[in-house]
Amino acid sequence: MLNFEFKNPTKILFGKGEIAKISNEIPKDAKILMIYGGGSIKSNGVYDQVKEALKDYNLHEFGGVPANPEYEVLVNALNFIKENNINYLLAVGGGSVIDGVKFLSAAANYDGEPWEILKKPVRTFEGEGMPFGTILTLPATGSEMNSGYVISRRETNEKLSSGGPGLFPQFSVLDPEVIRSIPKNQIANGIADAYTHVLEQYMTAPSSADLQERIAESILISLQNTASKVMSNDFDYDAAGNFMWCCTMALNGLIQKGVITDWAVHAIGHELTAYYGIDHARTLAVIAPSHYRYNFDAKKGKLAQYAERVWGITEGSTEEKAEQAIVKLEEFFHSLEIQTKLSDYTPDFAGTAERVQQAFTERNWLGLGEHKNLTPQDAFKIVEMSY
Ligand code: NZQ
Ligand code: ZN
C-alpha cells in the first residue's frame with residue numbers, strides 16, 4: 001500500500017428533514033449568498049425549506065447556474081459577492097451548482113484574473129477559500145464531500161478542473177427525498193458518474209490495498225443493486241438513500257488512498273462535453289469501454305478481479321474474464337439507457353480524436369493514466385475506438 005494522508009473535514013447531515021438543521025452549521029452573523037441552478041429547487045420544495053431554515057439570516061440569492069457551470073455566469077455571481085460583502089456561500093443543487101460555488105469560494109479571495117485558477121491551475125489551501133456549505137439535490141459527482149470542481153467556458157470550448165484542501169464544504173445535507181423530482185435521465189447519469197468514479201480509482205493494477213479495493217467493489221455492487229429501484233417510477237426511500245450515499249462515498253477521497261488512480265476517462269470525457277455538450281456521465285460511458293480495451297494488457301488483472309468479485313464471473317482465463325468484464329460494463333450502461341458510442345450522441349464526430357490529441361498536446365498533458373504514460377496519441381486512438 002502506498003503512503004497517504006487523509007483528511008476530510010466535511011460534516012454530513014444525512015436523511016429526511018435534515019435541511020431544517022442547517023442554521024446549526026452557519027454563523028448567525030453570516031452574510032449568505034444562496035446559489036442555485038435553473039429552478040428545479042423552486043418546484044420541488046427544496047427552496048422553501050432552505051428559506052424557512054434561514055429565515056433569521058441575512059440571506060441573498062443567485063440563481064441560474066447552468067449544468068456544466070459556465071464561467072461567464074459565475075463571474076456575475078463573483079461581482080455580486082464582492083459588491084455585497086458576502087462572507088458565506090450556500091450551494092443548493094447538483095454537482096454543477098456545488099462546483100460553481102467552489103470556484104466562487106476560491107475566486108472570492110484571489111487577486112488575479114479568475115480564469116487563471118482553472119487555466120494554471122491554482123490550488124486553494126486551507127483558510128484561503130470563502131466558507132461554504134451545500135444542500136445536494138442530485139447524487140452523482142461526490143462534489144458535496146470532496147474539494148475538486150470543474151468549470152466550463154463556452155467562449156473557448158474549455159472544461160477545466162481545479163481544487164485544493166481549502167475547498168471542502170463545511171457541511172453537506174444529503175436528504176434522499178430530493179430524488180423524487182429528478183428526471184430519470186439525470187438519475188441514470190448519477191449512477192453512471194458515481195460508478196465510473198469508482199472505476200477510475202480501481203481499474204488500474206491489482207494492489208495490496210485490500211480494504212480500499214473491497215470498499216470500491218462494494219460501492220459498485222450497491223450501485224448495481226439500487227439502479228433498477230431508483231430508476232423505477234415508485235419512489236423507494238431506502239434505495240434512494242443507498243444510491244445517494246454510494247455517490248458520495250465514490251469520490252470523497254477514501255477509496256483512492258494508498259492506491260494508484262487513473263482519471264484518463266474523465267480527462268477525455270470532459271473534452272466531449274466541451275465540444276458537443278454531451279452530459280458528463282454519458283461521455284464517461286463512451287470512453288471507459290474503449291479505454292479499457294485499448295489498455296487491456298495493463299488492466300486485465302484488475303478487470304478480471306472486477307469480473308469475479310463484482311459480477312460473479314469465475315469461469316475462464318484472466319483474459320477471458322477481463323473481456324467479459326468490459327462487456328458487463330457496457331451492458332450495465334445500456335441497462336440505464338445510456339449509449340456507449342460517440343456516434344450515438346453526435347453526427348459530427350469525425351475529427352474528434354484529432355481535436356482531443358491536439359488539446360492535450362497544447363496543455364502539455366503528455367502522460368495521463370495511472371502510470372502517467374498515456375500520450376495524446378493514445379488518447380487519439382481511444383477516442384477513435386469510441387466512434
Ligand atoms: O438547474 P436545475 O434546475 O436545478 O436542474 C438540474 C440540472 O438541469 C437538474 N436537477 C438537479 N437536482 C434536481 C434536478 N432536477 C429535478 N430535481 C432535482 N432534485 O439536473 C440537471 C443536471 O444537474 P447538474 O448539477 O449539472 O448534474 P451533476 O450533478 O451530474 O453535475 C455535473 C457537473 O459536475 C461535474 C461535471 O463535469 C459537470 O460539470 N463533476 C464534478 C465533480 C466533482 N466536483 O468532484 C466530479 C465529476 O466527475 C464531474 O466532473
Ligand atoms: Zn465524473
Side-chain angles (χ1 to χ4, degrees), residues 8 10-25 34 36-54 67 90-98 133-146 169 171-198 215-252 254-255 279-281 310 332-333 335-338:
N8 189 317
T10 302
K11 177 173 176 179
I12 297 295
L13 288 79
F14 181 94
K16 190 172 181 168
E18 292 290 316
I19 293 173
K21 293 191 192 161
I22 56 175
S23 61
N24 296 335
E25 309 302 326
M34 164 187 177
Y36 53 91
S40 69
I41 64 163
K42 294 211 168 152
S43 45
N44 64 11
V46 171
Y47 176 85
D48 292 337
Q49 290 181 61
V50 176
K51 291 285 275 191
E52 174 61 22
L54 297 181
L90 180 66
V92 188
S96 293
V97 170
I98 298 175
T134 89
I135 295 169
L136 180 67
T137 65
L138 174 52
T141 63
S143 189
E144 66 279 5
M145 200 179 176
N146 69 40
F171 69 88
S172 286
V173 180
L174 275 58
D175 179 349
E177 289 286 332
V178 300
I179 291 165
R180 284 181 187 274
S181 62
I182 305 175
K184 289 288 169 281
N185 67 321
Q186 292 294 348
I187 292 191
N189 284 351
I191 297 167
D193 191 23
Y195 199 90
T196 313
H197 291 161
V198 177
I215 295 173
E217 288 154 0
S218 297
I219 298 170
L220 296 173
I221 293 167
S222 191
L223 283 169
Q224 288 165 200
N225 290 345
T226 52
S228 63
K229 294 179 197 155
V230 288
M231 291 290 283
S232 127
N233 289 329
D234 299 321
F235 179 73
D236 175 336
Y237 178 86
D238 290 319
N242 281 315
F243 164 48
M244 198 169 213
W245 190 226
C246 278
C247 293
T248 303
M249 288 296 289
L251 195 49
N252 66 0
L254 185 64
I255 62 172
D279 289 353
H280 168 65
V310 175
F332 182 60
F333 288 136
S335 77
L336 302 169
E337 296 187 9
I338 290 183

Scan the side chains in residues 245-252 for donor-acceptor partners under 3.5 Å anywhere in the protein, sequence neighbours excluded, and list what turns up.
unit_1: T248; atom_1: OG1; unit_2: E144; atom_2: OE2; d: 2.6
unit_1: T248; atom_1: OG1; unit_2: M244; atom_2: O; d: 3.2
unit_1: N252; atom_1: OD1; unit_2: L254; atom_2: N; d: 3.3

Considering all heavy atoms, the nearest F243-P139 contact: CZ-O, 3.6 Å
task: Return the set of residues passing side chain to side chain donor-acceptor pair (under 3.5 Å) with D279 (not counting sequence neighbours), or none when no residue passes.
output: N189
- prompt: About how many Å separate CG of N24 and NZ of K11, when rounded to the nearest 0.5 Å?
  reply: 7.0 Å
task: Measure up the H197 and H280 rings against each other and bin them: parallel (under 30°), tilted (30 to 60°), perpendicular (over 60°).
output: tilted
- line: CD (E18) and CG (L13) are apart, to the nearest 0.5 Å, by 5.0 Å
message: Ignoring hydrogens, what is the shortest heavy-atom contact between A188 and I338? Give both atom names and the distance.
response: O-CD1, 3.6 Å
task: Tell me, please, which residues at least two apart from T134 pass side chain to side chain donor-acceptor pair (under 3.5 Å).
output: S172
Student check: side-chain heavy atoms of D175 and L136 closer than 4.5 Å: no
- line: Sequence neighbours excluded, the answer for side chain to side chain contact (heavy atoms under 4.5 Å, CB included) partners of A216 is V198, Y202, I255
message: Using only atom types and a distance under 3.5 Å, with no angle test, would you say the side chain of T226 pairs donor to acceptor with the backbone of S222?
response: yes
message: Using the salt bridge (Lys or Arg N to Asp or Glu O under 4.0 Å) criterion, which residues pair with K16? Sequence neighbours excluded.
response: E177
- prompt: Is the closest side-chain heavy-atom distance between I179 and I187 below 4.5 Å?
  reply: yes
query: What's the shortest heavy-atom distance between T137 and G94, and which atoms?
result: OG1-N, 3.4 Å
- prompt: Of the non-hydrogen atoms in K184 and M231, which two are nearest, and what is the gap between them?
  reply: CE-O, 2.7 Å
query: Got a sec, which residues hit side chain to side chain contact (heavy atoms under 4.5 Å, CB included) with S335, two or more places apart in sequence or on another chain?
result: F332
query: For the atom pair CG (L336) and CG (N185), what is the distance rounded to the nearest 0.5 Å?
result: 11.5 Å
- line: Heavy atoms of A140 and G190 approach each other most closely as CB-CA, 3.5 Å
- request: Quick one: do I22 and F171 satisfy side-chain contact (heavy atoms from CB on, under 4.5 Å)? Show the steps, please.
  value: CA-CA 9 Å; I22 56 175; F171 69 88; 3.5 Å; yes
task: Looking only at non-hydrogen atoms, find the nearest pair between Y237 and G15 and report the distance.
output: OH-CA, 3.5 Å
Distance in Å, I215 CD1 paired with L220 CG, rounded so as to fall on 0.5 Å steps: 12.0 Å
Pairs where residues 40-54 contributes a residue and the test salt bridge (charged side-chain N to carboxylate O under 4.0 Å, His left out) is met, not counting sequence neighbours: K51-E61, E52-K55
- request: Run through L54, I135, V50 and flag the one making a side chain to side chain contact (heavy atoms under 4.5 Å, CB included) with M34.
  value: V50
Salt bridge (Lys or Arg N to Asp or Glu O under 4.0 Å) involving K229 - partner list, sequence neighbours excluded: none
query: Does the side chain of I19 come within less than 4.5 Å of V46's, by heavy atoms?
result: yes
query: Who are the side chain to side chain donor-acceptor pair (under 3.5 Å) partners of T196, not counting sequence neighbours?
result: none
- request: Decide yes or no for V178 and L138: does some side-chain heavy atom of the first lie under 4.5 Å from some side-chain heavy atom of the second?
  value: no
task: Check side chain to side chain donor-acceptor pair (under 3.5 Å) between S181 and all other residues, then give those that pass, not counting sequence neighbours.
output: N44
